[in-house]
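Inspection log for the structure reproduced underneath, given as structure tokens.
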Amino acid sequence: MAEAKTGQAGRTGGKLLADALVAQGVTHAFCVPGESYLDLLDGLYSVRNRLQLVTCRFEAGAIHMAEAYGKLTGKPGVAIVTRGPGACHAAIGVHVAQQDSTPLVLLVGQIPVEETDRETFQEVDYRRMFSPIAKWVTQIDDEKRIPELMAHAFDVAVSGRPGPVVIAISEEMQKRMASVPDIGPANVLPPHPAPDAVSRMMDMLGKAKRPLAVLGGSRWSDQGKADIRDFLLANDLPVAVGFRRQGIFDGTSENYVGDLGVGADPGLVAHAKDADLIIAIGSRLGETFSQGYTLLDMAGATPIVHVYPEQAEIGRVYRPALGITADLNAFAAAAKAAAPIKKPAWAGWTRDLRATRMKQAAAPDYEGPLNLAKALQALEKALPANTIYTTDAGNFATWPTRFMHVGAGQDFLGPTNGAMGYAVPSAIGAKIVHPERPVIGFVGDGGFLMTGQEIATAFHHAVNPVILVFNNQMYGTIRMYQERTYPHRVSGTALTNPDFARFIEAFGGFGEVVEKTDELVPAVQRALASGKPAIVEIRMNPEQVTNRATIADLRAQSGKAAPAASLPAKAKRGPAPRRSGPRPR
């Protein structure tokens with residue numbers, strides 16, 4: 001310990017890097033090993049009792065796990081990958097962290113400095129590659145600067161609007177010795193609202209008749225979520241959340257009115273257009289929130305109070321009537337302390353929005369033996385109050401969003417940038433961070449086979465998420481758009497799948513297939529009770545391509561007749577269906 005504190009004894013660059021991670025409070029790092037950072041791997045061996053190194057099977061999986069760590073803890077998740085192909089595979093997670101505003105640090109092994117610009121084996125200029133999607137990109141070539149640059153990287157990742165930082169670590173630098181002290185985290189107080197910010201907001205709120213609060217953003221603490229909830233409920237405000245931000249506010253609350261994201265309830269969108277005040281707290285007011293920039297007038301016809309930790313984001317697209325630059329948790333505390341509006345004029349408006357939400361969440365009568373809406377609603381009631389949900393991208397993801405509600409003690413992780421392949425590794429990462437909590441991952445059949453091999457990581461590190469695979473034998477979102485624009489002309493969207501339950505059984509895990517409404521809850525309960533990594537495959541009706549429309553509906557809406565010579569393209573189901581429940585042994 002004296003060596004790490006004083007820096008009197010020389011350490012290799014690899015050991016300095018490992019000690020720098022520990023000095024920044026890192027508890028987990030997710031990696032795919034590579035020869036470009038062998039010395040860092042050796043340094044991590046020396047701190048193995050303080051930092052768990054999670055060995056993954058694919059760089060995209062590793063960085064999604066690290067990003068999930070960042071979402072759950074508010075601290076930078078750390079991924080480590082090798083140069084060239086490893087960095088390219090990890091780039092998707094950097095984009096997720098950028099658009100989701102998640103703190104993340106990616107370490108990339110690099111070629112020897114003396115070989116730069118020769119297009120040597122796996123050479124990439126990471127500053128040029130990552131600069132459009134990262135907050136900061138640097139390269140460490142001088143081992144003496146490791147503590148300085150690593151400390152700054154973690155500061156950048158969490159400051160203002162949180163996001164990803166990429167650090168290239170040259171190969172020979174990791175081998176050289178240096179005697180320098182470690183640098184710990186900076187003790188920085190978060191930015192608070194300006195002295196009159198909350199009172200000005202309350203004055204605007206007092207004049208409103210149809211206000212709507214929208215919550216988004218990252219790095220919410222438990223106390224911050226509790227404070228903003230108390231402020232919103234004290235003022236009886238209707239509360240929507242941004243795209244895949246369901247974990248910020250209690251979805252079972254009478255003030256929760258839905259999400260403004262992909263597949264948002266048309267009723268909520270109509271109400272939002274009719275609002276006379278929008279209080280956006282943590283949301284960037286981007287494309288998904290604004291329904292393709294159609295929800296509001298960009299010049300500010302509808303007054304907006306925009307609360308965000310990065311001033312440059314306020315007014316970037318929509319001009320606010322009042323912009324408040326503040327840490328979200330600090331703002332929540334200040335808002336809670338404000339005296340609530342007496343006899344607010346919008347009580348009926350709030351109830352109307354809540355009624356619209358509950359009408360949206362009512363399960364329709366879908367054709368076939370599986371009513372997925374009713375099955376998911378039964379599952380919501382059966383799951384523990386501290387469940388963590390993760391979701392992938394795709395049409396299937398609109399089913400739990402529409403028909404389920406995330407409770408106050410639960411978390412919900414999803415990629416706001418629409419990255420497929422996110423759910424399985426993020427579920428594993430979440431389970432590694434919180435092994436005591438149940439973790440349920442929602443993923444489509446297309447997304448599962450992008451990163452589903454990471455289930456091996458769950459076995460390797462003895463964690464047991466439960467993955468629900470929504471199998472409709474297609475890339476459903478693209479098929480939906482295809483049928484709207486080019487009906488009957490199915491091209492490139494059909495899939496052939498394995499028996500997903502047998503897939504995980506090959507690892508020694510728990511697998512079941514569900515084909516009927518009342519089979520889902522017992523299957524998930526058996527999966528949780530098994531104590532093993534588990535897959536529950538939900539075999540959906542391929543015709544029901546969205547929760548609002550069938551393929552036949554989309555074709556009819558297009559007004560285009562089927563080509564005379566066309567034949568319907570059918571995906572191969574794969575193995576023959578088998579009964580729900582594990583096979584007899």
In terms of side-chain heavy atoms, does [X] have a donor or acceptor partner in [Y] at a distance below 3.5 Å?
X	Y	result
Tyr69	Thr27	yes
Thr416	Arg244	no
Asn255	Asp236	yes

Got a salt bridge between [X] and [Y], using NZ or NE/NH1/NH2 to carboxylate O under 4.0 Å?
X	Y	answer
Lys336	Asp230	yes
Asp259	Arg245	no
Arg284	Asp100	no
Arg210	Asp352	no
Asp276	Lys207	no

So, the side chain of [X] versus the backbone of [Y]: is there a donor-acceptor pair under 3.5 Å, distance only?
X	Y	answer
Asn386	Gln410	no
Trp349	Pro211	yes
Asp274	Ala270	no

Across all chains, not counting sequence neighbours, the side-chain contact (heavy atoms from CB on, under 4.5 Å) partners of Gln360 are Asp265, Arg357, Arg402, Arg548
From the list Lys71, Lys431, Arg437, salt bridge (charged side-chain N to carboxylate O under 4.0 Å, His left out) with Asp411 holds only for Arg437
**Prompt:** NZ of Lys135: more than 12 outside heavy atoms within 6.0 angstrom?
**Reply:** yes
| Would the number of heavy atoms belonging to other residues, nucleotides or ligands and lying under 6.0 Å from CG of Asp222 be above 12? | no
- Tyr389 vs Phe442, ring pair (Phe, Tyr, Trp, His ring centres under 6.0 Å): CA-CA, chis, key distance, verdict: CA-CA 8 Å; Tyr389 299 99; Phe442 301 124; 5.7 Å; yes
One should read off an interatomic distance between Ile324 CD1 and Met201 CE, to the nearest 0.5 angstrom, of 5.5 Å
